[in-house]
Amino acid sequence: MRTAFISDIHANLEAIEIVLADIAGQDIDRIVCLGDIVGYGPDPNPCVARVRERCEITVVGNHDYAALGRMDTLGFNEYARAAASWTAQALDRPSVAFLEALPLEVVLDGLHLVHASPLEPDRWTYILSYQEAKRQFVAFPEKICFIGHSHLPIVVEQLGEEIRAISFTPDVPVRLHKDRRYLVNVGSVGQPRDRDPRTAYAWYDDEMGAVLLRRLEYPVAEVQRKIIAAGLPPFLAQRLVDGV
Ligand code: ZN
């Protein structure tokens, strides 16, 4: 069984279309979405529709929560806050109904799926240090947890007390050992932040026992044009070419 994981689409329709087209050629059996379908980008409703049509399982992200008015956006920077209120008024009824029904976390065939962190998933913790990773590994019993949220693709491996980060190089399979545990960040479809502006997603093949990261060019200029036309902050257009 080969499962594709898409995350942090952020209403970037051009990016999700490229990813879904690529998935069609990767021998994928099913697609999981790890949340943040909306927020920042200009196409929230078409992106929700794509996820609803194509993903077998979807968990909710903090920007989905913000657009639904389920959390206050005081912790957001000014751009995220402006985008959240723009998105809240742009969402149509079917999109709202879909987002409102999404769970915070799911266990699927022994895989833990959550947007930000398995420990207190509605606190939206970023896992950016060994210390934080250590806290998170005790919060799920499964062998592998798939996450998004930081927009930084990485594989974190735990063996006993030891935790190490394995760089997630595109198209190089990372083998997952049977006696170790993993946190796998699949990167961001719609707003990469690792200074590589290409869209990102990952797949996991349980027979191969490996994960693989894909990075693909998509029409960034078209998305930038739509962001400006929508009246969203111009910084949100600029960051897409910088990959930050
Ligand atoms: Zn996000």
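For ligands, and for the atoms within them, numbers begin at 1 and follow the listed sequence. These values consider heavy atoms only, across backbone and side chains, with no hydrogens, waters or symmetry-generated copies.
- A cation-pi arrangement is not found for Arg81 relative to Phe76, the charged atom failing to lie both closer than 6.0 Å to the ring centre and inside a 45° cone about the ring normal.
- Under the 3.5 Å distance criterion, the side-chain polar atoms of Asn45 are matched with a main-chain donor or acceptor of Asp92.
- Around the Zn ion (ligand 1), protein N, O or S atoms at less than 2.8 Å comprise Asp8 OD1, His10 NE2, Asp36 OD2, His151 NE2.
- By the neighbour-count criterion of 12 heavy atoms within 6.0 Å, atom CD of Gln131 is sparsely surrounded, having that number or fewer from other residues, nucleotides or ligands.
- Stacking of Arg181 on the aromatic ring of Phe140 is recorded, both the 6.0 Å distance cut-off and the 45° axial limit being met.
- A cation-pi geometry, defined here as NZ or CZ lying under 6.0 Å from the six-membered ring centre and within 45° of its normal, holds between Arg239 and Tyr40.
- Considering only residues two or more places apart in sequence or on other chains, Tyr130 meets the ring-ring contact (aromatic ring centres under 6.0 Å, His included) condition with none of them.
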